[in-house]
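One structure coming up, written as structure tokens, with questions to follow.
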There are 4 protein chains.
Amino acid sequence: MNKEQRRPPGRPKVNEQNSSTRDLILKTALELFLDRGFPLVSIDNIAQSSGVTKATVYYYFSSKAELFTEAIVRMMDRITNRIQSILSEDLPLKTRLLKMTHAHLKATYRIDLDHFMQGAGDSLSEQQIDRIRLAEARMYEAVEQAFIEAMDRKEIPKINPEFATQIYLALLKVGNHRGKDHRPMFSSVEETARHIICFFWNGLVNTEP
Amino acid sequence: MNKEQRRPPGRPKVNEQNSSTRDLILKTALELFLDRGFPLVSIDNIAQSSGVTKATVYYYFSSKAELFTEAIVRMMDRITNRIQSILSEDLPLKTRLLKMTHAHLKATYRIDLDHFMQGAGDSLSEQQIDRIRLAEARMYEAVEQAFIEAMDRKEIPKINPEFATQIYLALLKVGNHRGKDHRPMFSSVEETARHIICFFWNGLVNTEP
Amino acid sequence: MNKEQRRPPGRPKVNEQNSSTRDLILKTALELFLDRGFPLVSIDNIAQSSGVTKATVYYYFSSKAELFTEAIVRMMDRITNRIQSILSEDLPLKTRLLKMTHAHLKATYRIDLDHFMQGAGDSLSEQQIDRIRLAEARMYEAVEQAFIEAMDRKEIPKINPEFATQIYLALLKVGNHRGKDHRPMFSSVEETARHIICFFWNGLVNTEP
Amino acid sequence: MNKEQRRPPGRPKVNEQNSSTRDLILKTALELFLDRGFPLVSIDNIAQSSGVTKATVYYYFSSKAELFTEAIVRMMDRITNRIQSILSEDLPLKTRLLKMTHAHLKATYRIDLDHFMQGAGDSLSEQQIDRIRLAEARMYEAVEQAFIEAMDRKEIPKINPEFATQIYLALLKVGNHRGKDHRPMFSSVEETARHIICFFWNGLVNTEP
DNA sequence: AATGAATGAGATTTCATTCAT
DNA sequence: TATGAATGAAATCTCATTCAT
């Protein structure tokens, strides 16, 4: 009767600290995976960059594939959130796309999906691939939905929304292109975004294949 | 290990016989590299798929990086030739682009340049990277040149030709996109090409960023 | 990871509660060790099967070797008790052996001593090995003693009692043999026991090498 | 026309040398596996004991499981041959068994089949297990056949031959038993063999369960 | 021209063990 | 009493590369 307030047994989850190590590993891993691709990142690389040992990585993640999956899905979910947040503002579609393009060009991450899936495929389980594909689909849908609504509101003409989405994403990547001398094509991120959206919008509104 | 090489009928030309093994290896290697990317293709894979031994591969190519470089540069040169051949015909630019798009969508190879450079970078020497970058640049220039000439001929308005080229190549890739159910977005290669060029052309001719 | 421990009804006796976890671990460990042998059982396996964490196992046992030793010695002691109980009954030796054989064939545990010592040896300290060897010897002696007494009583002719014991134990193991189709050699445990004892008894009583 | 005698291309298989390395590894591996059991022998152990590198072991055997299988099956086949050779002599069964027992007790290898299968099971493929089981069955059959023929010739009474075989093999193992002081039970191999066969023969000929 | 043998370095993964709480 | 976090050492396996023939 006197044990009113029992402390849970065991070492308390040092909540911040705890999630810190796991998150640190995830963060480091994501950077490396994005930079070099799945096969060229070793667990040792991740561990060293995170300042822990290999075994610690395996304490948190059961395999390299699992760590990869978790890192990628997390990133995609974050991107999806950002996309949804921008696209749900009460502004003309063109303005929202411009904002989004602008935001994307400044971010470090790239949406080169198959880019790093290349090389990982063989190592991932069906289930892991599914998890990634699902996160990928959510990203796409966030954009696709914006086009569908804009069509409903007659803001743009009817067009295959999947096509529009893929085109838009492809153009986004162009923004990061560097020429032979490694210099960007336009002088500022703003200008690049404007050119891309201008090009995209023209293609979108004048449709008669 | 299984040497299923069928010898062509007739007396073999000695020097072609000679180059035959080398070419066979190059061809096999290219396929594998395109399919899986540099790090996931082992010399053993290439040797086995070619029906020779690892040591034979090393007889012809001094390293994996060298073999990779040679294979990629060769492919790019072939593509460059094809591009130039199509683009140098005496037809309106839009028609030539349509033909080229059509041809590209039917070909097996993809121009996902960075795609497989990803993962190879660390292993290639500066010189090898340069050779590839040069071949890549030649490919781009073939397209870029067409835009420049079209601008000179006032067929299209003035625009950053590098930008136009990258946009065009990005749109090309969209043609190969498959949705969740792994089906293409349009019912035929022809229709896909038409949509892409239509979109591209609209963006191209109405330019006021 | 899944803590499916159901608490028994009623107020738990504190000191039994105490020994409960320890015993649970010992019991689980024994099963696993018998099943897979020392090297193929990990502390994690034991912990998980017991519904506790690795650290808890280490709270009760200072090392894997110690846990192994304790589990094995316990089992042997239990077997020794059972043997002594059967062999000390007031019946002809042959009858007692038959009963014991019968009991052994129905029990799950096996007396394949070296069987699991194999693989453990390197990891055990001298002292731990001694403890096990001692328990093993006690088991043997229980049987050996029965032979010695039977010889004293002229129930069987003079014979090296150690030899007789080992022969008997070897024959016991034959009872568990399964043929190619995984079926036993005789239709019932009773029949198997009878065959074994018959064979053994014949060898025992007609001795003139 | 002048190439009457063409030497095969490539480095010739240095026939003895070649098979020497492979055989050396097999031989070393067998010793270690018999001594410590599958899980406690590392490829490094085998490589070092063979005076080659780990990679060389993998050059000849695709996996630890494969090496194990090959080594065990080889040994069993050798034993089978020896058994058949002894048992097919034109002598009374008892004499032949005595010879065989004698030979077995002097040999280093033991027929503790399940002994090392224990611990290997999880790592072997179905196919590999089958190969071993088959070799094991061949060994048993060689003995079983001798009993069947002896029964046909009325040399011994009718008895379940599988039972007889397993009993015999079990008794063989007893011959290797060492007591607490690590000394054998009898003073010489000959005497041990005589005791075992005497015991076995008595059990065999007086059968009425 | 082509090969079989051999290797060193490094990849992923497992596991007994420690320690602060 | 029981635990979550972390680790060092070792195990299995891969692969680009060399070399004598």
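Only this structure's heavy atoms are used, side chains among them; waters, hydrogens and symmetry mates stay out. Residue numbering restarts at 1 for every chain, and letters A, B, ... go by the order of the sequence lines.
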Integer-rounded Å distance: E/dT14 C1' and A/Lys64 NZ
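Going from NZ in A/Lys64 over to C1' in E/dT14 covers 17 Å.
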Closest-nucleotide ordering on DNA chain E, the 5'-leading residue of D/Thr53 and C/Tyr58
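Looking at the nearest nucleotide for each, D/Thr53 comes out on the 5' side.
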Describe, in one word, how the ring planes of A/Phe38 and A/Phe33 are oriented to each other, choosing from parallel (under 30°), tilted (30 to 60°) and perpendicular (over 60°).
parallel
side-chain N/O A/Thr21 vs F/dA6 OP1/OP2, d < 4.0 Å
yes
CG of D/Asp23 versus P of E/dA5: gap in Å, rounded?
12 Å
With a 4.0 Å limit, can you tell me whether B/Tyr60 has a side-chain N or O closer than that to the phosphate oxygens OP1/OP2 of E/dA2?
yes
If I take atom CG in residue D/Leu67 and atom P in nucleotide F/dC13, what distance separates them, rounded to the nearest angstrom?
10 Å
Which is more 5' along DNA chain E, the nucleotide nearest D/Thr56 or the one nearest A/Lys54? Just name the residue.
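Final value for this comparison: D/Thr56.
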Taking any heavy-atom pair under 4.0 Å as a contact, classify C/Val41: base, sugar-phosphate, or nothing.
sugar-phosphate
Applying the 3.5 Å cut-off to both distances, the Watson-Crick or G-U partner of F/dA11 turns out to be E/dT12
Would you mind pulling out the nucleotide paired to F/dG4, Watson-Crick or G-U wobble, both distances under 3.5 Å?
E/dC19
Atom-to-atom span, CZ of D/Phe38 to C1' of F/dT12 - whole angstrom:
10 Å
I want to confirm an ordering. Mapping D/Ala55 and D/Asp44 to their closest nucleotides on DNA chain F, which one lands closer to the 5' end?
D/Asp44
Rounded interatomic separation in angstrom, taking CZ from D/Phe61 and P from F/dA11:
20 Å
Taking CG from D/Leu124 and C1' from F/dT12, how many angstroms apart are they, rounded to a whole number?
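Taking atom C1' of F/dT12 as the reference, CG of D/Leu124 is at 15 Å.
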Look at the side chain of D/Glu31 and the backbone N and O of D/Thr28, then say whether any donor-acceptor pair between them is shorter than 3.5 Å.
no
Rounding to a whole Å, what distance do you find between D/Asp122:CG and E/dT14:P?
14 Å
Please check if the side chain of D/Lys64 supplies one atom and the backbone of D/Val41 the other of a donor-acceptor pair under 3.5 Å.
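Checking the backbone N and O of D/Val41 against the side chain of D/Lys64, a donor-acceptor pair under 3.5 Å is found.
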5' precedence on DNA chain F between D/Ile43 and B/Ile43 (nearest-nucleotide basis)
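Per heavy-atom nearest nucleotide, the more 5' residue is D/Ile43.
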Not counting sequence neighbours, list each pair that qualifies as a salt bridge (Lys or Arg N to Asp or Glu O under 4.0 Å) and has a residue in residues 36-49 of chain C.
C/Asp44-C/Lys54
State plainly whether the residues D/Glu126 and D/Arg131 are in salt-bridge range, i.e. N to O under 4.0 Å.
no
Please determine, for the side chain of B/Tyr59, which listed nucleotide (E/dT3, F/dT3, E/dT17) has the closest atom?
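Nearest nucleotide to the side chain: E/dT3.
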F/dT3 C1' sits how many Å from C/Gln48 CD, rounded?
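The distance from CD of C/Gln48 to C1' of F/dT3 comes to 15 Å, rounded to the nearest Å.
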